[in-house]
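Structure, as structure tokens:
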Protein chains: 2
Amino acid sequence: MQVKICNATVTCLDQLGYAETTFAEVQAKAGISRGAITHHFPTKQALVAATAMRLLGNAQNPLWPHDRAPQPVYDLIMSAWANIVNSAGGRAIVEILVACRTDPALFGMLEQSLRDWDKSNLSLISARYVSATGNRDDTELLWSIARNFLRGLLLHEKFVSSPEYLMQMMDRFARMMESQLQVLPKNDVEEVE
Amino acid sequence: MQVKICNATVTCLDQLGYAETTFAEVQAKAGISRGAITHHFPTKQALVAATAMRLLGNAQNPLWPHDRAPQPVYDLIMSAWANIVNSAGGRAIVEILVACRTDPALFGMLEQSLRDWDKSNLSLISARYVSATGNRDDTELLWSIARNFLRGLLLHEKFVSSPEYLMQMMDRFARMMESQLQVLPKNDVEEVE
DNA sequence: GTTTACAGACCAACTGTTCTGTTTTTATGA
DNA sequence: TCATAAAAACAGAACAGTTGGTCTGTAAAC
């Protein structure tokens with residue numbers, strides 16, 4: 001049930017935005033009663049926060065499975081855009097991030113979790129890629145930059161002159177990152193908790 | 001009067017977000033009557049769209065005056081962050097961009113203007129900087145990337161582990177851009193309409 | 001005198017939350 | 001195993017507060 005509610009919330013956030021994501025709308029989209037939602041999530045912030053946590057859990061990189069070699073930098077960036085950031089879940093996350101900026105209650109619920117996710121996500125990726133400088137902090141900086149660029153691109157998407165131009169931006173950015181990062185050779189991988 | 005109303009709207013967008021930017025709130029912040037707002041801007045979308053246009057007009061680069069030499073790439077990126085993107089107006093613009101994604105009425109009012117602004121802004125900057133490849137399209141791509149990164153950074157700002165880390169990201173990104181772009185020598189500048 | 005600029009009341013629609021019921025599951029004890 | 005009590009899961013009505021938009025009234029400008 002909670003899964004069903006959160007999924008409907010993601011759809012609402014994506015299609016309607018944070019403000020228009022109302023209990024009534026989620027209820028209709030999920031095909032359940034009002035009481036079911038308020039029982040599990042007493043406030044709107046609790047509903048959205050729970051949805052965010054679920055999204056982050058799912059997005060904890062389905063992109064590089066443990067048992068296969070890491071993707072090339074270029075491919076990873078491209079598929080991160082297509083499969084994560086520019087997906088219903090990715091767009092929902094951006095709605096939530098924006099809402100956090102001006103909704104103190106929501107921010108309080110998510111601040112620590114988002115910080116932790118950020119750290120663990122960077123740890124995970126830094127274990128498989130390395131900056132041309134060999135510096136681990138630099139690797140994390142570069143991937144942080146990539147994530148922020150992709151999120152920013154989401155805001156620009158509807159105003160881009162053509163879909164091809166957006167792809168050119170992606171390509172140019174990915175090539176630039178490619179020149180700064182490389183896949184770690186397998187024997188150099190040190191497992192991170 | 002319209003200026004006063006729009007300024008109050010910017011403050012509201014920045015501090016409260018798009019959803020909480022209500023007529024009542026703008027009215028209170030501007031210290032005027034309800035009728036004054038609805039007279040000039042019959043709908044909320046009209047109010048926000050007018051505010052956006054005004055913001056874009058103001059942001060049409062106060063950063064590189066016509067009578068002085070262009071700033072170095074690094075400096076331009078740094079001051080664009082501090083003075084444009086991460087300002088009340090910049091944050092308001094991001095709120096509006098996000099709202100446009102799910103508010104068709106607002107999107108319709110701003111789509112063309114934002115596209116035009118984008119184009120003219122890139123034209124202006126491409127007249128003063130050039131990609132290492134010498135390709136003008138590449139120059140525009142790079143500056144588009146920069147703008148989207150800065151906007152994305154705005155969403156991340158409240159979740160960054162420390163202000164210093166954010167500055168490290170800025171520094172790293174600016175250095176990366178610096179390696180791809182250079183200021184055009186003065187005699188090469190071709191004026192663009 | 002006609003249009004524009006402002007003032008402020010008014011209203012229907014909607015929102016988040018609370019609440020009272022009803023059903024289902026779970027825990028308990030003999 | 002099974003009765004039964006307690007708790008959790010759901011359903012849906014009710015409500016106070018707010019919102020965007022409209023409407024009438026007044027003053028000023030052209």
Side-chain angles (χ1 to χ4, degrees), chain A residues 1-54 92 95-96 98-110, chain B residues 1-54 92 95-96 98-110:
Chain A
M1 174 60 76
Q2 297 196 20
V3 176
K4 196 195 286 188
I5 295 174
C6 285
N7 286 346
T9 306
V10 169
T11 306
C12 285
L13 285 169
D14 175 28
Q15 297 177 354
L16 307 172
Y18 178 74
E20 305 283 330
T21 296
T22 65
F23 284 100
E25 207 72 43
V26 171
Q27 169 189 357
K29 198 83 72 180
I32 57 175
S33 79
R34 188 67 160 276
I37 305 178
T38 53
H39 172 68
H40 292 286
F41 311 105
T43 69
K44 181 179 176 180
Q45 284 85 358
L47 167 64
V48 173
T51 304
M53 307 274 277
R54 204 169 283 270
E95 288 287 334
I96 294 171
V98 172
C100 277
R101 205 182 66 80
T102 51
D103 187 330
L106 184 61
F107 178 68
M109 289 183 187
L110 283 174
Chain B
M1 174 62 74
Q2 297 196 20
V3 175
K4 197 195 285 190
I5 295 174
C6 286
N7 286 345
T9 306
V10 169
T11 306
C12 285
L13 285 169
D14 175 29
Q15 297 177 353
L16 308 171
Y18 178 74
E20 305 282 333
T21 296
T22 66
F23 284 102
E25 207 72 43
V26 172
Q27 170 189 356
K29 198 83 71 179
I32 57 176
S33 78
R34 184 66 161 279
I37 305 179
T38 54
H39 172 68
H40 292 285
F41 312 105
T43 68
K44 180 179 177 178
Q45 284 86 358
L47 167 64
V48 172
T51 303
M53 308 274 277
R54 203 170 285 271
E95 288 287 334
I96 294 171
V98 172
C100 277
R101 206 182 65 80
T102 51
D103 187 330
L106 184 60
F107 179 68
M109 290 183 188
L110 283 173

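In what follows, chains carry the letters A, B, and so on, assigned in the order in which the sequence lines appear, proteins first and then strands, with residues in each chain numbered from 1.
For the pair A/Leu16 CG and C/dC14 C1', the computed distance is 14 Å after rounding to whole Å. Rounded to whole angstrom, the span from the CG atom of B/Leu106 across to the C1' atom of D/dG20 amounts to 15 Å. Computed from coordinates, the B/Phe23 CZ to C/dG8 C1' distance equals 15 Å when rounded to whole Å. Rounded to an integer number of Å, the gap from B/Phe41 CZ to C/dC6 P is 10 Å. Atom NZ in B/Lys44 sits roughly 9 Å away from atom P in D/dG21 (whole-Å rounding). With rounding to whole Å, B/Met1 atom CE is found 13 Å from D/dA28 atom C1'. In this structure, CG of B/Asp103 is placed 12 Å from C1' of D/dG20, rounded to the nearest angstrom. Atom-to-atom, CD1 of B/Ile37 to C1' of C/dG8 comes out at 12 Å; the value is rounded to the nearest Å.
Base contact: A/Thr38 has a heavy atom under 4.0 Å from a base atom.
No side-chain donor-acceptor contact under 3.5 Å links A/Arg101 to the backbone of B/Gln15. In this structure, the side chain of B/Glu95 does not engage the main chain of B/Gly17 through any donor-acceptor pair within 3.5 Å.
Closest approach to the B/Thr43 side chain among D/dG21, C/dT15, C/dC6 is made by D/dG21 (side chain taken as heavy atoms from C-beta onward). In this structure, the nucleotide among C/dT15, D/dA11, C/dA7 sitting nearest to the side chain of A/Ala24 is C/dT15. Each of C/dC6, D/dG21, D/dG12 was ranked by its minimum atom distance to the side chain of A/Ser33; first place goes to D/dG12. Of the listed nucleotides (C/dG16, D/dG20, C/dT17), D/dG20 has the atom at the smallest distance from the side chain of B/Thr22.
Taking only side-chain nitrogens and oxygens, B/His39 never comes nearer than 4.0 Å to OP1 or OP2 of C/dC6. For the pair B/His40 and C/dC6, the criterion of a side-chain N or O lying under 4.0 Å from OP1 or OP2 is met.
B/Asp103 has no carboxylate O lying under 4.0 Å from a charged side-chain N of B/Lys44, or vice versa, which leaves the two without a salt bridge.
Here CG of A/Leu13 is found 11.5 Å from CD of A/Glu25. Values are rounded to the nearest 0.5 Å.
At least one side-chain heavy atom of A/Met1 sits less than 4.5 Å from a side-chain heavy atom of A/His40.
No N or O donor and acceptor, one from the side chain of B/Arg34 and one from the base of D/dT22, sit under 3.5 Å apart.
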